[in-house]
Amino acid sequence: MTPLDTTELIRMLQAAARDEHAAIIQYLRHAYLMGEGELAGEIEGIAREEMRHFWILSRWIVRLGGDTDTDRGFTDLAGDAVPDWMGRDVAAEDRAIAMYEEYLTRIEDPDLRDDIAYILADERRHRDDFAHFVEKTEQEPPGEADEPAAPLAAIDREALDWGVQHEYGALLQYLVHSFEMMDLDEEVSSQLLMQAINEMQHMGWFGEELAESGLEMPLTHPPLELPAAPTDKLQVNIRQEQETAAQYARYLPQIADPGVKGVLDDARGQELYHEALFKRLLKRVETSHPEPPPASVPAPTSKVWTIGTLKKKE
Ligand SMILES: [Fe+2]
Ligand SMILES: [Fe+2]
Ligand SMILES: [Fe+2]
Ligand SMILES: [Fe+2]
C-alpha cells in the first residue's frame, strides 16, 4: 500500500464532500416531490444525516489545511415515479459505500478511519432503507392521483424560485461557517448548524409548493459568501438575513395563493429571528475573541520579551 500524502488525502475528502452534497440535494428533491407524508419525512431525515457527513468530512479538510469544497457532485435527477427515485437513491448509496470501503483500505489515521467507518455504517443503513422504500412503493396500489393544483400565478412562482435558491445558498453557507468556527467557539458553531437545518426546512416548504403545482425546484444557489474572519462571517449572514426577510416582505402583498403566502410569511418570521440570533452571536465573538489590531498599528500592550524578563517570571 502506498502511503497517502496530505494533498491526495484532501483530494479524496473533497470528492467525498461533493458526493455528500449531491446526496443531500438528490434526497431532498425526492422528499419534496413526494409532498408531506411519513416516507417523505424519513427521506428528509436521511438527507439530514448526509448533511452531518458533509460537515464531518469538511471539518477534516479544513483541519488538514485544504480548501472547503462547496461544489456538488453527480446528482441523479432522472426518474418519474417514486419506486424509480428510490432505486436511484439505492444506487447513490452503493456508490458511496464502494468509495468509503476503498478509502478504508488506504487511510491510516485512526481518528479519520473512525469517522469514515461511522459514515460508512450510515450509508449501509441508508441503502437498506431505500431498498425497503423501493419494495414498499412498488407494492402500493397507485393511489388516487392528486387533484391537479391550479397553476401558480407568475409572481408566486417567482417568489418560490427565488426562495428555494436563497435557502439553498443559506443552508450551504451556514454549514461551511459552522465547521470553520468549530475550533473557535462550539456554541456559535452548533447554532450555525441548527440554522442551516432550519433553512433546509424553508427550502422544503417552498419546494413542496412548487411540486404541488407540478413544477421543479431550481437546484442552483447564489454565490456563497465565505470570508475568513469569524466576525465577517456573522456580518455577511446578518446582512443576508435582512435582505431575504425584506425580499419576502416585498413579495407577500403580491402573492395570490394562500398556501404560498403562508410559507413565505413563516419563513420571513424565522429570518428575522436568525438576524437577531446572529447579532447576538456576533457580540459574543467580538467580546470573547476580539479581532487582532491591524499589523500597521502597534498593539497597545505589546512588550518586548527578553531573556531577562522571562527569567524574572520564573
Ligand atoms: Fe453520506
Ligand atoms: Fe447515505
Ligand atoms: Fe430561510
Ligand atoms: Fe435565515
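Counting convention: from 1, in listed order, for ligands and their atoms alike. Side-chain atoms are counted along with the backbone in the values below, which use heavy atoms only and exclude waters and symmetry mates. We number each residue from 1, following the sequence as shown.
Connection of L210 to L252 is established within a shared hydrophobic cluster, with ILVMFWY side chains joined at heavy-atom distances below 4.5 Å, either directly or through further cluster members.
Around the Fe ion (ligand 1), the protein contributes the following N, O or S atoms under 2.8 Å, ordered by chain and number: E20 OE1, E20 OE2, E50 OE1, H53 ND1, E123 OE2. Excluding waters, the set of protein N/O/S atoms under 2.8 Å from the Fe ion (ligand 4) reads E199 OE2, E241 OE1, E241 OE2, E271 OE1, H274 ND1.
F130 and Y27 have tilted rings, their planes meeting at an angle from 30° to 60° on a 0 to 90° scale. Between Y103 and Y100, the ring-plane angle classifies as perpendicular under the 30° and 60° cut-offs.
Between the side chain of R284 and the main chain of D185, no donor-acceptor pair closer than 3.5 Å is present. Side chain of S58 to backbone of W55: no donor-acceptor contact under 3.5 angstrom is found.
Remark: E123 does not engage R127 in a salt bridge, criterion side-chain N to carboxylate O under 4.0 Å.
Residues M34 and A40 share a closest heavy-atom pair of CE-N, 4.1 Å. Closest approach of D84 and G79 over heavy atoms only: OD2-CA, 3.1 Å.
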Inset, instruction - With side chain to side chain contact (heavy atoms under 4.5 Å, CB included) as the test, would you mind laying out the steps for L13 and L112 before giving the verdict? - result: CA-CA 10 Å; L13 294 171; L112 178 54; 4.2 Å; yes

